[in-house]
Number of protein chains: 2
Amino acid sequence: MSNETPLDAIDREIIFHLRQDGRLTNVELAKRVGLTAPPCLRRVKRLEESGVIAGYRAVIDPEAVGRGLEVLIDVEIYAQDRKSFEEFESIVAAFEEVVEFRRMYGRPDYFIRVAVADHAAYEAFLTGRLSGLPAVRRLESHLTMKTIKTSP
Amino acid sequence: MSNETPLDAIDREIIFHLRQDGRLTNVELAKRVGLTAPPCLRRVKRLEESGVIAGYRAVIDPEAVGRGLEVLIDVEIYAQDRKSFEEFESIVAAFEEVVEFRRMYGRPDYFIRVAVADHAAYEAFLTGRLSGLPAVRRLESHLTMKTIKTSP
DNA sequence: GGTGAAAGCTAGCCGGC
DNA sequence: GCCGGCTAGCTTTCACC
């Protein structure tokens with residue numbers, strides 16, 4: 001996947017523009033980076049094939065799909081055998097409310113980001129799903145007061 | 001922005017497919033949701049105009065653009081006057097390494113996600129930029145051992 | 001970097017619920 | 001009136017030079 005050819009200035013410009021608008025037409029993109037369409041398309045294809053451009057996504061308003069509330073959770077677990085770890089990880093990863101899930105160095109053991117409709121839905125998730133897992137020792141939920149910046 | 005018309009089943013399917021591939025052609029999308037192109041396009045336009053679809057982004061491999069290392073940082077600050085808060089927030093938000101920045105309820109005061117090339121770059125960021133800010137009382141960096149799940 | 005055939009986009013109009 | 005489907009002209013894509 002990792003490309004041997006490092007990105008030149010034009011590649012970086014292409015990435016910059018496609019990050020802002022993934023549906024740019026190739027001709028418009030070419031105009032912005034100072035190329036004509038065919039060489040521009042070849043570069044884009046190369047970036048896609050080398051994995052630099054991993055895909056394209058529509059950005060959806062979380063509110064509109066019932067995911068307006070994000071909660072960050074620090075998790076401590078009981079140190080157990082390998083099987084318990086694996087079970088805990090696969091169960092949590094399968095929860096649709098979980099949008100990010102990392103095992104951390106030091107403390108906490110795991111970091112989870114959950115997206116739900118509202119506080120009632122979060123309470124239901126915490127009580128009905130997460131806190132009942134045998135591996136869970138301690139959960140600490142962190143609520144956002146204000147999002148100052150997200151994504152590049 | 002908030003649409004009065006709630007999303008029906010087809011709208012949800014359109015969102016589902018465009019979340020997976022934001023460059024789907026309209027005819028292909030129409031085929032998948034069981035419509036012909038024109039009504040499908042009208043729905044997409046409506047979703048865009050109502051803000052449900054907020055935009056389209058290319059997904060870039062962080063490694064390829066020198067952003068392979070993500071660190072999560074808990075920040076505690078000295079409680080100060082409004083001006084200090086605002087200054088701290090605008091300075092941190094302006095750092096290009098900072099990709100997520102939230103003010104939290106309770107502790108920590110702020111949550112920062114940073115994306116840098118490697119550990120040396122992180123050390124430089126921490127020493128040269130973040131820890132020197134007068135408002136900063138305590139920083140706690142959290143490193144990921146394993147990413148088990150990201151995004152929907 | 002340019003060219004041209006094939007594919008896709010999208011406006012206008014029509015028909016069924 | 002609302003929503004889907006059809007036609008048709010314009011734009012974009014992309015293999016070939």
Side-chain angles (χ1 to χ4, degrees), chain A residues 1-68 117 151-152, chain B residues 1-67 151-152:
Chain A
M1 266 338 104
S2 249
N3 52 327
E4 55 288 353
T5 345
L7 309 177
D8 69 9
I10 297 181
D11 288 332
R12 291 181 180 279
E13 272 212 60
I14 287 174
I15 290 169
F16 172 79
H17 287 294
L18 286 180
R19 247 225 272 251
Q20 299 199 318
D21 182 0
R23 291 208 84 154
L24 268 182
T25 64
N26 183 56
V27 293
E28 177 61 25
L29 177 62
K31 202 177 302 175
R32 294 198 192 176
V33 302
L35 291 177
T36 55
C40 182
L41 184 63
R42 280 196 289 270
R43 280 169 180 270
V44 171
K45 289 280 174 253
R46 191 161 46 73
L47 291 170
E48 288 170 0
E49 273 154 30
S50 69
V52 175
I53 296 177
Y56 301 89
R57 301 274 128 84
V59 180
I60 306 300
D61 175 20
E63 202 80 49
V65 291
R67 292 295 167 89
S151 83
Chain B
M1 275 326 116
S2 249
N3 52 327
E4 55 288 354
T5 344
L7 309 178
D8 69 8
I10 298 181
D11 288 331
R12 290 181 181 279
E13 272 211 59
I14 288 174
I15 290 170
F16 172 79
H17 287 293
L18 286 181
R19 247 225 273 250
Q20 299 200 317
D21 182 359
R23 292 208 84 154
L24 267 182
T25 64
N26 183 55
V27 293
E28 177 60 26
L29 177 62
K31 202 177 299 175
R32 295 198 191 175
V33 302
L35 291 176
T36 55
C40 182
L41 184 64
R42 281 196 288 268
R43 279 171 180 269
V44 172
K45 289 278 176 261
R46 192 159 45 73
L47 291 170
E48 288 171 358
E49 273 154 30
S50 69
V52 174
I53 297 176
Y56 301 88
R57 301 274 129 81
V59 180
I60 306 301
D61 175 20
E63 202 79 49
V65 290
R67 291 295 167 89
S151 82

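Letters A, B, ... mirror the listed sequences (proteins, then strands); counts begin at 1.
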Original post:
Rounding to a whole Å, what distance do you find between B:D11:CG and D:dG4:C1'?
Top reply: 14 Å
**OP:** Take A:K45 and A:N26 through the side-chain contact (heavy atoms from CB on, under 4.5 Å) test and state the conclusion after the steps.
**Re:** CA-CA 11 Å; A:K45 289 280 174 253; A:N26 183 56; over 6 Å; no
**OP:** Check the distance between C:dC9's C1' and B:K31's NZ and give it to me in whole angstrom.
**Re:** 15 Å
Subject >> B:E49/B:R46 ion pair, N-O < 4.0 Å >> reply: no
Subject >> Atom pair distance, as rounded to whole Å: CZ in A:R43 and P in D:dC14 >> reply: 17 Å
Original post:
Contacts to DNA chain C from residues 17-25 of chain A, heavy-atom cutoff under 4.0 Å, which residues?
Top reply: none
Show each protein N/O and nucleotides 15-17 of chain C N/O combination with a separation under 3.5 Å, one pair to a line.
none

Subject >> Separation of C:dC9 C1' from B:L29 CG (nearest whole Å) >> reply: 13 Å
Subject >> Reported CD1-to-CG distance for the pair A:I14 and A:L47, which is rounded to 0.5 angstrom >> reply: 6.0 Å
Subject >> Inter-residue atom distance A:Y56.OH - A:D21.CG, 0.5 Å rounding >> reply: 11.0 Å
**OP:** Grab the CD-C1' distance between B:E28 and D:dT13 for me, whole Å please.
**Re:** 16 Å
Original post:
With sequence neighbours left out, what residues match A:Q20 under side chain to side chain contact (heavy atoms under 4.5 Å, CB included)?
Top reply: A:F16
Original post:
What's the shortest heavy-atom distance between A:R12 and A:L7, and which atoms?
Top reply: NE-O, 3.9 Å
Original post:
Is A:L41 touching bases, backbone alone, or none of the nucleic acid, heavy atoms closer than 4.0 Å?
Top reply: base
**OP:** For residues B:I60 and A:I53, determine if any side-chain heavy atom of one lies less than 4.5 Å from a side-chain heavy atom of the other.
**Re:** yes
Subject >> Non-neighbouring partners of A:R43 that pass salt bridge (Lys or Arg N to Asp or Glu O under 4.0 Å), sequence neighbours left out >> reply: A:D8, A:D11
**OP:** Just call it for A:T36: base, sugar-phosphate, or nothing, with non-hydrogen atoms closer than 4.0 Å on any strand.
**Re:** sugar-phosphate
Original post:
Base, sugar-phosphate alone, or nothing: which one does A:A37 contact when heavy atoms must sit under 4.0 Å apart?
Top reply: nothing
Distances for protein N/O vs nucleotides 7-11 of chain D N/O pairs under 3.5 angstrom?
none

Original post:
Excluding sequence neighbours, so at least two apart, what forms side chain to side chain contact (heavy atoms under 4.5 Å, CB included) with B:R32?
Top reply: B:H17, B:L24, B:E28
Original post:
So, does A:R67 use its side chain to make a donor-acceptor pair with the main chain of A:A117 at under 3.5 Å?
Top reply: no
Subject >> For atom NZ of B:K45 and atom P of D:dG4, their distance in whole Å >> reply: 16 Å
Without placing hydrogens or testing angles, list every side-chain donor-acceptor pair under 3.5 Å for residues 35-42 of chain A, not counting sequence neighbours.
none

**OP:** Determine: side-chain N/O of B:R42 to OP1/OP2 of D:dC2, distance under 4.0 Å, yes or no.
**Re:** no
